Number of protein chains: 4
Amino acid sequence: MVQAGGVAGDQLRSFIERIERLEEERKGIAEDIKEVYAGAKAVGFDTKIMRKVIAIRKMDQAERQEIESLLDVYLHAIEGGERPEPVSE
Amino acid sequence: MVQAGGVAGDQLRSFIERIERLEEERKGIAEDIKEVYAGAKAVGFDTKIMRKVIAIRKMDQAERQEIESLLDVYLHAIEGGERPEPVSE
Amino acid sequence: MVQAGGVAGDQLRSFIERIERLEEERKGIAEDIKEVYAGAKAVGFDTKIMRKVIAIRKMDQAERQEIESLLDVYLHAIEGGERPEPVSE
Amino acid sequence: MVQAGGVAGDQLRSFIERIERLEEERKGIAEDIKEVYAGAKAVGFDTKIMRKVIAIRKMDQAERQEIESLLDVYLHAIEGGERPEPVSE
DNA sequence: TATCACTGGAAAACTC
DNA sequence: GAGTTTTCCAGTGATA
C-alpha cells in the first residue's frame, strides 16, 4: 500500500478541501456583511433597527413563498377532487 | 446517610417527576391535535392545506410581533438620541 | 353565492382555531418544562444528565407496558378457554 | 418635509439591499457545503468525523498564522536595527 | 416502512 | 469576557 488512505484518502481529502474553500468564501462574505453594518453605523444608522428591518423583510418573503406553496397544494387538491369547492351549499 | 442521594436526590426526583408529568400533558395535547385533524379529514377537509393555513397564520403572528419589537427598538433609539429622525436634511 | 365562509368555512375555521388553541397550550407546556430545567440547573443539577435519566425512564416504561400488554393477551387467551401454549423459547 | 425616503432613506435602503444580497450569497454557500457533506456521506464517509478533521485543521492553521505573525514581528524588529532579545520563556 | 418536514437542544458567532 | 443571538444537527412525528 502506498500511503495511508489510498484512493479513499484522496477522495476524502478532496471533499475536505472543497469544504474548506467554501468555508473561506463564507467567512469572507460574513466579513463583508459586517463591514456594511459598520459603514451604516458610521453614518448614524442604528444597526439594531436595521437587523430588525431585515428580519421582517425576510419573514415577508418566507410568507409569500408559503402562500404560493399553499396555492400549489390547493390546486393539486382540486384536481385530486379532495373537497369540491371551499364553499358548497 | 440514609439513602443514595439524600436531600439532593429528593430534589432531583422532584424535578424529574415534574418534567415527566408535563411531558405527559404535552403528549396528551399532541394527541388531541391529531384527533382534530382526523375529525377535519373525516368531513372532507384536506389536512395538508389546513397545515399550510395554520403555518401562514403563525408566520403572520410572528411577523406582527417582530414589527412591534421593531417599534420598541425604534422608540428607544429616539429617546437615546441615536439618529434624530429618520429623515433629516 | 353564499360567500367564502359558508357553513363549510365556519367548520373549517372552527377546526383551525381549535388546533391553534391546542398548539398554544402545547407551547405553554414546553415553556414550563424549560423552566423546570432552568430551576434544576440553578441549584446545580446537570440538565444533560437529567435528560438522559428521563429518556431511560421513558424506555423502561415503554418496556413495562410492552410486558403488560403481552400479559393481557396471555390472560385473555386463558379466560377464553383456549389453552395457551406455554411460552417456549 | 422631504418625505420618508429622502437621502437618508435612499442610503438606508442601499445598505439593507447590499446586506440582503450578501446574505443570499452566504446562504447559497451554506447549501453548497451541505451538499458536499451529503456527497461524502453518500460514498460512505462519516461526516461527524469529517467535521472534526476540518476543525482540527482550522486550529492548526490558526496556530501556524500565530507563529508566522510572531516571526514577522521578530524580523521587523531585526530590520529596524533593534536587537531583539532572544525569545526567552 | 421510508421519506419528509419540524421541533428542540447544543454549539458557534457576533456584539457590546 | 459575558450575554445574546444565529446556526447546526439530531430526534421526533406526519404522510404517502
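Computed from a predicted structure; not experimentally measured. Heavy atoms only: backbone and side chains are in, while hydrogens, waters and symmetry mates are out. Per chain, numbering begins at 1; letters A, B, ... match sequence-line order.
Across the protein-nucleic acid pair, C:I56 atom CD1 and F:dG11 atom C1' stand 16 Å apart, rounded to whole Å. Taking atom CD1 on B:I54 and atom P on F:dA14, their separation rounds to 13 Å, with Å as the unit. In this structure, D:I19 places its CD1 atom 13 Å from P of F:dT6, rounding to the nearest Å. In this structure, CE of A:M50 is placed 15 Å from C1' of E:dC14, rounded to the nearest angstrom. Between the CD1 atom of A:I49 and the C1' atom of F:dT5 there is a distance of 17 Å, given to the nearest Å.
Residues that satisfy the side-chain contact (heavy atoms from CB on, under 4.5 Å) test with D:I49, not counting sequence neighbours, are D:D46, D:V53. Judged as a side-chain contact (heavy atoms from CB on, under 4.5 Å), and not counting sequence neighbours, C:V73 has no contacts. With sequence neighbours excluded, the residues that form a side-chain contact (heavy atoms from CB on, under 4.5 Å) with C:I29 are B:L22, B:E25, B:R26, B:I29, C:I33. By the side chain to side chain donor-acceptor pair (under 3.5 Å) test, A:S14 pairs with no residue at all, sequence neighbours left out.
In the hydrophobic clustering of ILVMFWY residues, with side-chain heavy atoms under 4.5 Å counting as a link, B:I67 and A:M59 come out apart.
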Take nucleotides 6-13 of chain E nucleotide by nucleotide from the 5' end and write B, S or -, depending on whether a protein heavy atom sits under 4.0 Å from the base, only from the sugar-phosphate, or from neither. -SSSS---
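Nearest-nucleotide mapping onto DNA chain F: of D:K41 and B:K41, the residue sitting toward the 5' end is D:K41.
Within the structure, side chain to side chain donor-acceptor pair (under 3.5 Å) pairs that include any residue of residues 55-66 of chain B comprise B:R57-C:E20, B:K58-C:E23 (at least two apart or interchain).
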